[in-house]
2 protein chains.
Amino acid sequence: MATPAALPLSPAVRKFIVHWGEMGSSWGVNRTVAQIHALLYIAPRPLTAEEIAGTLSIARSNVSTSLRELQGWGIVRVAHVLGDRRDYFESMRDVWEMFRIILEERKRREVDPTLSVLRECVATIEKTRPADPEAKRRLGDLLEFMETMDSAYREFRMLSITDLRRFLKLRGGVRKVASLILSR
Amino acid sequence: MATPAALPLSPAVRKFIVHWGEMGSSWGVNRTVAQIHALLYIAPRPLTAEEIAGTLSIARSNVSTSLRELQGWGIVRVAHVLGDRRDYFESMRDVWEMFRIILEERKRREVDPTLSVLRECVATIEKTRPADPEAKRRLGDLLEFMETMDSAYREFRMLSITDLRRFLKLRGGVRKVASLILSR
DNA sequence: CGGTGGTTTCAGTATATTCTGAAAGCGGAG
DNA sequence: CTCCGCTTTCAGAATATACTGAAACCACCG
């Protein structure tokens, strides 16, 4: 009863795909989308939509939509094979780069809008009389926190992947930094 | 038709609560739970479950469940008023501390399990013959990435909130660090 | 004890999300 | 122009998630 185009997957790979799907769910990513991503990431070559559908037992149309979303995130792209009219899909392979892209995208879609909302709220409260000092303070704190995070992120973003990697891999590095920069 | 115990909320506060709820959704947190958290965070004093239900127009029982979840995360706790049998609930107020707690909790619930799964998968593949070199490499890369992130996180976690705050607030700090530590 | 004020549980309902299959779209080949 | 292989769209079906209200529970009080 297996769909014709199903790829053979080892148990380990199967397990990984399933887990990645669940992980996705709890991070607000559709399970199927995450599974497709996992499959493409681990596959040794680009796959057709048909193969993906067969392998994961999901409808062809569902694959189409999900692939579109993954392309929207910029971590999957189409490739072509000479003499073959079908679209082949492949995932970005560099994990660090992928991480960077996803982070950037989530910031853009979620953090940035929150920052504007917070700014608007604070502004509105300030215009109100009598201003509600409690609420103003709380929203202000939150806004300040997010702005600090935001600019710290912008700074880290400027590092090359290689430097970022080296930095994060330093053992005891953080403590060194702390004593170097923070003590005065 | 307003529920008796509804608190008066300014439009700005209202907007904040609604937005926070939506934010929650896209991060895998139930909208209602996020709204309650927002309300408690901004409220000038601890609130009863009744007040929360009234203010947000949700069922009393729903509030109960959601509060339990927030307590599970460790960012909301009960307080009591002398001579009043009811439970009052209040949110943690320090945004940085709250962030730290949420991060820790998500790591524990999501990153740690993923790390084990990846380790298991890699181990399984290694035992298989002939081992699938492609898959092994891909899973290995991912595992290495997550392990690096994990230990970097552990290091940062050792900083006091104050130091962390100072560190993230340094302008140009990252570049300084980069040249200090990375160049050799 | 039985009553009172409050909290929690849970089965059923409502809502939102995801998935499917059939139909429409698209572009090249003949 | 029409057929063919492939892709996308979309209305409705299936599923998962969130929410409600009624009932059970609990602890204290008289």
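Only this structure's heavy atoms are used, side chains among them; waters, hydrogens and symmetry mates stay out. Reminder, nothing fancy here: chain letters follow the sequence lines and each chain counts from 1.
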Sugar-phosphate only, base, or nothing, as touched by A:T32 at under 4.0 Å among non-hydrogen atoms: sugar-phosphate
Nucleotide D:dT8, atom C1' - distance to CG of A:L70 in whole Å: 16 Å
Atom CZ of B:R100 with >12 non-hydrogen neighbours under 6.0 angstrom: yes
Parallel, tilted or perpendicular: ring planes of A:F145 versus B:W96, cut at 30 and 60 degrees: perpendicular
Carboxylate-amine/guanidinium proximity below 4.0 Å for A:E50 and A:R86: no
Polar side-chain contact B:R85-C:dG6 base: donor and acceptor under 3.5 Å: no
B:I58 vs A:D84, nearer the 5' end of DNA chain D by closest nucleotide: A:D84
Gap between atoms OH and C1', on B:Y88 and C:dT7 respectively (whole Å): 15 Å
Sugar-phosphate, base or nothing in reach of B:N62, heavy atoms under 4.0 Å: base
B:R60, nearest nucleotide to its side chain (from C:dC19, C:dT7, D:dT7): C:dT7
Sugar-phosphate only, base, or nothing, as touched by A:R68 at under 4.0 Å among non-hydrogen atoms: sugar-phosphate
Residues B:K136, B:E126: salt bridge by 4.0 Å N-O rule: yes
Options C:dT20, D:dC19, C:dC19, nucleotide nearest the side-chain atoms of A:N30: C:dC19
Proximity to the side chain of B:S61 - top-ranked nucleotide from C:dT9, D:dC19, D:dT9: C:dT9
